[in-house]
Every structure is written in structure tokens, then in C-alpha cells.
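Proteins get letters first, then strands, A, B, ... in listed order; numbering begins at 1 in each. As the structure is a computational prediction, the values presented were derived from the model and not from experiment. Hydrogens, waters and symmetry mates play no part in the numbers below; they use all other heavy atoms, side chains included.
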Amino acid sequence: MRKLFRIRTKIDIKLYNALALGVFLLVLFLWTMLSAGGSISQIFLPSPQSVLIYLIHVFGSGQIWPDIGISAYRIFMGFVIAAVIGLPLGILAGTFNFAEALIQPLTEFIRYMPVPAFVPLIMVWFGIDESAKIALIFLGTLFQLIPMVADNVRAVPEDLLSAAYTLGAKRITVIMKVIIPAIAPRTMDTLRIMIGWAWTYLIVAELVAANSGLGYNILKAQRYLKTDAIFGGILIIGCLGLLTDRLFVLANRKLFPWAEGGK
Amino acid sequence: MFGRKKQAQTEADSVIEAHVANSKILVSNLRKAYVSKKRETVAIADVSIEILDNEFVSIVGPSGCGKSTLLRILAGLDEATGGTAILDDKLIDDPGADRGMVFQTYTLFPWLSVEENIHFGLKIKKIPKKQADEIVDHYLEVIKLTPFRKSYPKELSGGMQQRVAIARALANSPKVLLMDEPFGALDSQTKSEMQLLMRQIWQVDKPTVVFITHDIEEAVFLSTRVYVMSGQPSVIKANIPIYLSYKRSLEIKDTTEFIAYRHRITALLHDKEVDVEVES
Ligand SMILES: Nc1ncnc2c1ncn2[C@@H]1O[C@H](COP(=O)(O)OP(=O)(O)O)[C@@H](O)[C@H]1O
Ligand SMILES: [Mg+2]
């Protein structure tokens, strides 16, 4: 018992897993009790069974796949464009002080503007085209990505760069052969965090400016007060988010076996 | 970052004439001050040293006396505020492959295997693959890490990593090897092994080495000569040639001659009058 409260001390992995699973079961149990008790209407809190039935239905009939497909496409596009532009800018800002001056203060400024507030503007500019959703994801992630990548560059130990210079490396070699490989695993991790943000912004975009996708599906369910579909939709999005997250972790381990925790 | 004023060149010319033929490094009236808003920190007040070809010279001094700064200036990684540093008649103003460096921190490239790390400088020099492979094989042999050639740095102990760092620097065949407390982070057992290895490497190949340490025993064991630096102000206090046998083993540390050197340098560092004389 006392062992549990040792600061930063690992507990038995079996106990850890049991506790984690226990919390899930507890939440499920409370949910079942509340919805079955009859004190709360099905419209406010659908039972776990009805959500499960909904999920089986949409996956069984295959009607959810086009929504998942279009949402994944939007995420992928917005995220890739943000990465293609954000990575080089972040590396520049972390490497050269003048580039930092040009890029980072502006980025930090924009970063604190709430992205959902851009939705009306984006609708004026792009309508409710695919480009609107992609633009919102792009805006939401790019300005987070740049300072984080710049910080990754700054975290590369000075002595590592010094060592490269004393081995005859010139600046361009130091950037290409030292800085970029050095930040790679951490930057993969940064991208993992970014894709989490991307899912959030996707749903924001689809809730207000779409006629397809997982977010729109939830909105549609709301119109008919189909709370089981809302719950189901949220669960699907959560699971997809978790899936992409785990894929990034796995890729990181496989791609960078040399890093701490890599294999 | 590494640019340097033109006028320093004329200053340098007068010094070049004065130095003897086999001088490798000549440092004259070097000064380094860091200026911040509030005040000026003088890292090096006035340092002049000369390192001859094939010498193993250690610089000992208290923490913060400017040893690392001096070495970084020799490497071309930092700029001096005044004075000159010359390597083979050429003013040092840039880092380059002719001055290899080993750091106290672990600086192997973690994404490269042991052999790829040693290859790094050779690739930059565009040494033909076959020749480079031979050099790498040779130095893996020297540091006794051939079985670990494919390992990543994270799989190596601290001592092993430093051995690879030494091999990586030597493989480039630099004119001088600069070492900044390379064994400072190691346990005493490993440290002794590294000292022996380093001494053996020097006995065979005679690289010119400038070695920074605050470990007096280490300095005496490894060196042909020891500079003692003082902290306030940061200047060279003494220049002590070490006349011990050429082939050294760890047992030499227990001999009276060795201990006398140790005492003498300790006394100098602690600002006492030197009453222990060593003659050979
Ligand atoms: N970048 C820097 N800015 C300001 N002061 C510095 C900097 N680098 C070193 N110093 C100062 O210069 C002095 C010498 O430092 P250093 O050469 O690292 O000493 P040592 O290696 O002998 O311990 C110290 O007082 C240190 O605080
Ligand atoms: Mg130091």
C-alpha cells in the first residue's frame, strides 16, 4: 500500500493495467446505471447498448466509411501542407537568429488567435469547399508547429554542433547532417501532437461548414435528437485519434531505433 | 560567427617570425572577455603558451579559470577578444578538421553507429571508401571496440563512448588533438583505463595533444609538459616539463618522482610557495 505513494516509483505492470482497465469499466458501469435507472431520459443519455447498436449498424451497413474517408482526407491534406511549410520554417527559426526574428514573433502572435474564430472568415474566402476545411486545419497546426520545431532545434546540444565543426563540417553540413537527424525523433513526436490538434480543428470545421464527414454526422444526429448517434460519432473520432497517435508512436520507434526508447 | 578582423593578421606576422621551427601552436597575449549589459566577465586575462610538435601538454587550473574557453579558441569555435592563436604559421579563425576535439560531454552522433561516427570526418574529407574503411578498422582496433562497430552510442558505456570520440577525432589525422576534460565524467576505474589507453596511443603515434583537466594526477601521468593556470586573474602561472619515463604504466603513479610532481603542481594551484623541487 505504501508502495503506491512512493514518488515517481513504478508500480507492478499488472497492477497498472488492472487499474487502467478498472477505470474504464467503472465509467461504463456508471453510465449503464444512470441510463438504466430511468431518472435520465434516453434523449439526454443514451444507454451503452443503444450506442453499441448504432455503431454496429453504421459499420455493418458501411454507411460510415465515406464520412471517415472524407474526414481522414481533410486531416491528411491540412496536416501535410502545414508540415511541408512548417518544418523548414521551424528549422530556420531555431538555427538562425535573424530567421527567428522574422518568423517567430509573428507566429507566436497568430498562435494565440483562436482558430475557430477564423471559421467565418474562411467560409467567406473558401465557401464550404474542401479547401475551407483543409485551410482551417492548416491554420490551426502551422502556427503551433513552427515554434515547437524551432525549440527542438534549440535543444540540440551545442557540443554536438561543435564536434561536427571540429570534424571539418561546414555550416550546410551541420544543418543537413547534424541538426536535421538530431531533431528527427522529437519532431516526429511534435507531429504526433499536431495531428491531435488537427482532429479537433477538423471537427470544428465540419460542425459549421460541411455537408459530409464525421463532424457533420454528429451535427445531423443532433437535429433529430439522436444522442446515441452523437455518442457513437464522438467515440469513433476518439478512437481514430487514438489510432493515429499510436501509429506515430510506432513509426517513431521503428524509424529511429537509435533514439532513447527506440527499437 | 567565425569571421575575424583583418588587422589581427599584421599583429600575427610579428609573432610568426619569433617562433621556433617545430612549434605547432603559438598563443600570444590571448584575452577573452564576455560583455553583458551589467558587466564584463574576463574569462582569459592574458595567456601565452607554445605547444611543440608531438608534445602532450596538459593545462590544469581551478574550475572557471578559462580552460575551456582557451581550448574553444584554439579549436576556432570561439573568438578571442585580444591577442593571437597560431597553428602552423596560420592564424586560427575558423574551426577545421586540422584541430580534432574531444569534449567532456558525450558528443557522438546518436543516430550513427560506432563505425559511422568514426567515418563522419572522413566522409567530409571525401577520403575514398576503401581507404576510409581501413582507417576506421585501424582505430576500432586501437580503442578495442571492433566488436561494437555496429552499435549505437546509447548501447555503450560512458567510457566506451569517449573512446569512440577519441577514435573519431584521430581518424581525421588532425595536426593537434584538443581534449577538454574528456574523462571528467567517468568513474575512477574507467578513468585510469582511459588514461593508460591515451598514453599508449600517444607513445605509438605521437599526436600533438592539448589536454585540459583539473585532475593533477591525470595531467602528470599523461603529459610531457604541464601548464598551470590560475583563476583570478586568468593567466598562466607555471610551465612544468614532466621528466618521467617514456613508457608509462599506471604503477608509475606510486613512484616518488610522480608524487613529487603532483605535490608541486598542487602547491602551485593552491598558491603556496613552491618548496618541493624536482630534479631529474
Ligand atoms: N558564453 C559565456 N558568457 C559569459 N561568460 C562565460 C561564457 N562562457 C564562459 N564564461 C565565463 O568564463 C569563465 C571561464 O569559463 P570556462 O572557460 O568554461 O572555465 P573552465 O573550463 O576553466 O572551468 C567563467 O567564469 C565562465 O563563467
Ligand atoms: Mg571547462
Lys32(B) to Tyr34(B), cation-pi by 6.0 Å centre distance and 45° axis angle: yes
Engaged part of Arg72(B) at the chain A interface, taking heavy atoms whose separation is under 4.5 Å: side chain
Worked verdict on Val209(B) versus Met179(B) for side chain to side chain contact (heavy atoms under 4.5 Å, CB included): CA-CA 7 Å; Val209(B) 182; Met179(B) 306 181 80; 3.9 Å; yes
Top contributor to chain A contacts, counting heavy-atom pairs under 4.5 Å, from Tyr152(B), Phe120(B), Trp111(B): Trp111(B)
Interface residue of largest heavy-atom contact number with chain B, from Thr173(A), Leu161(A), Leu167(A), Leu160(A), under 4.5 Å: Leu167(A)
Portion of Pro181(A) that has a non-hydrogen atom of chain B nearer than 4.5 angstrom: both
Ionic contact status for Glu206(A) with Lys133(A), cut-off 4.0 Å: no
Part of Lys177(A) lying under 4.5 Å from any heavy atom of chain B: both
Proximal component of Ala164(A), with respect to chain B [non-hydrogen, under 4.5 Å]: both
Leu108(B), part contacting chain A, at a heavy-atom distance under 4.5 Å: backbone
Proximity breakdown for Ser162(A) and chain B, heavy-atom pairs closer than 4.5 Å: both
Pair Asp189(A) + Arg186(A): basic N to acidic O under 4.0 Å: no
Pi-cation contact, Tyr139(B) with Arg163(B) (under 6.0 Å, within 45°): no
Carboxylate-amine/guanidinium contact Asp215(B) Lys191(B), below 4.0 Å: yes
